[in-house]
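Here the structure is laid out as structure tokens; the discussion comes afterwards.
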Number of protein chains: 2
Amino acid sequence: MLVLSHQAFLHPPKPSSLPRIKPRASMSRSRSPSPLLDFPYLPPPHRELMLSLLSTVHSRLASHLLPSSVPSDVLSFHNDASTSFGALDIRSGAHDSPVDFILESWLHCKLPTGALNITTLFGFLNASTEAPHLLMEFIQGSPTSLVLFMDLLPRKDLVLHPEYLAEFYQDTQLEKLRQELNNLPYVQPYCSSSLYIRSVLSPTAVAVNINCGADGESSMEEVMGAQLSSVAKEVLQIWLDKCACSSHQMEESKRNVLIQRDNLIKTKTVEIDLSANLPRMFGPNVAEKIVGTIQKTFRI
Amino acid sequence: MLVLSHQAFLHPPKPSSLPRIKPRASMSRSRSPSPLLDFPYLPPPHRELMLSLLSTVHSRLASHLLPSSVPSDVLSFHNDASTSFGALDIRSGAHDSPVDFILESWLHCKLPTGALNITTLFGFLNASTEAPHLLMEFIQGSPTSLVLFMDLLPRKDLVLHPEYLAEFYQDTQLEKLRQELNNLPYVQPYCSSSLYIRSVLSPTAVAVNINCGADGESSMEEVMGAQLSSVAKEVLQIWLDKCACSSHQMEESKRNVLIQRDNLIKTKTVEIDLSANLPRMFGPNVAEKIVGTIQKTFRI
């Protein structure tokens, strides 16, 4: 949800004084399948890519993840005016897993200019490892335009730890993947408006704006279905292999700085991003529930 | 000299087996004025901008700087084939100054495709302060194209120290200056090929490629003389006011990490940039002298 800090995407909807939260029918019955797999608002290529990424995460990390304990009015929610819809699921890592939690969210917002769709996959590791976290975020402002953040978020100061930079960023060839996307037609570098978010990203972060122009719906479908999908899957694979499923252990004595740094990333992300923007999309009461659930998971 | 790591700028000149170093006439007589003020190879707008920046630094920091102790064959040098010329001056900070050193260099390289001109102004502070260093580098590959790096280099991990980010980057409005340049016509974001160099830069770093096209010599003169000059002067002013001349003191107990981080920046810069590229421009013997002088100043 990092990109919510980009004001360009958000026009405040009319405030709804008393947001009404109705669990969607499928959710009131059962927690399985997740409402994220049933979110009807996304353009098909965006939806297919996210489903594929989530499926890979779930099958590869099956033994790492505890069942979801997210309340049903957070698993699926909307604002009172039924112009904004969201689904959020969080799976905490099992006791002996390096996974702290996997956060998945889909947001849909009807705006005067069209529909805004934001999907997020956030893989946070715990202090048993120093390996990077995963961030994937796709912000589709129209059928022909998409802002995309994809990164392995460093957990150490890369200037002070060039060996960490070499291990997780140089040796993994992430730069090649970044360039592959950046060199495509329609693709421009994208800069977060938050200096803190920029600092959190790695030097191989994919941060781009894909704009296929007014008539480019089929071009967007092609880019998402081919190059974007392929790069996203490779980045995810690198994170799963080198980070989430690695046996790389962190020395107990060095965990304090790591935890302090991770906590700052969590706190600042919520502050810059969710606390500032969710109330505008869903009204204060719904937003408070969502942020509260995330803060509980973040333990901040 | 950070940008020397960008291979695109360098076509290795023919190796000269025995580089000949002849101090230029003006230098053999006297150290004043510096050969940097007399470097004849730069296109006029580039030269005027650098002279103006150096003049501001010298007059503002006059009482901070010791006389130059750079040997004359480093103050001014060229390769055996007289296709590459350089001038380097380094002024160390006085005992009670927060300035560690000011490094200024001008390089000129005749290439099959034209002339490459690189000017650098690097202001490094010592551990009495934690305020950022200054980097300014202009790499002009042709009269109509220029790559530009301008930054206040952070000396702390910005993720772990949001208060440092706020003090030196948010409150100083550096982002406004970055955007001012980035939004100009002919200007594109530029990405260093070195992941380490990218990590060293701040989130408000100006890193751009200005390309005015085949017929754009007058446009380049306009951009350099107006917006670029104005932004560069403002960035320099911020550094002089907030960093180099600030009374902000660093706690003695926290200096070790700062020194370790600064040393890594220096070591990696020399390794990635100078040691890798100067031999190709000036031959191994001249390059060794230049790198040796810089390493002595860097105390690495």
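Below, read A as the first sequence line, B as the second, and so on, with proteins coming before strands; counting in each chain starts at 1. Only heavy atoms go into these numbers, but all of them, side chains included; no hydrogens, no water, no symmetry mates.
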B:Leu165 portion near chain A, given a 4.5 angstrom heavy-atom threshold:
side chain
Nearest non-hydrogen partners of A:Leu116 and A:Ile139, listed with the distance
CD1-CG2, 3.6 Å
If we ignore hydrogens and angles and just use 3.5 Å, is the side chain of B:Glu251 paired with the main-chain N or O of B:Ser253 as donor and acceptor?
no
Toward chain B, the part of A:Gln260 with a non-hydrogen atom under 4.5 Å:
both
Answer with side chain, backbone, both or neither: which region of A:Leu264 has an atom nearer than 4.5 Å to a non-hydrogen atom of chain B?
side chain
Under 4.5 Å heavy-atom distance to chain A, tell me which part of B:Arg178 shows up: side chain, backbone, both or neither.
side chain
Any side-chain heavy atom of B:Leu125 within less than 4.5 Å of one from B:Asp100?
no
Counting heavy-atom pairs under 4.5 Å with chain A, the top scorer among B:Thr204, B:Leu160, B:Leu158 is B:Leu160
Between B:Leu103 and B:Phe124, is any pair of side-chain heavy atoms under 4.5 Å apart?
no
Between B:Arg261 and A:Asp157, does at least one N-O distance fall below 4.0 Å, as a salt bridge requires?
yes
Could you look at B:Gln170 and say if it's the side chain, the backbone, both or neither that has a heavy atom under 4.5 Å from chain A?
both
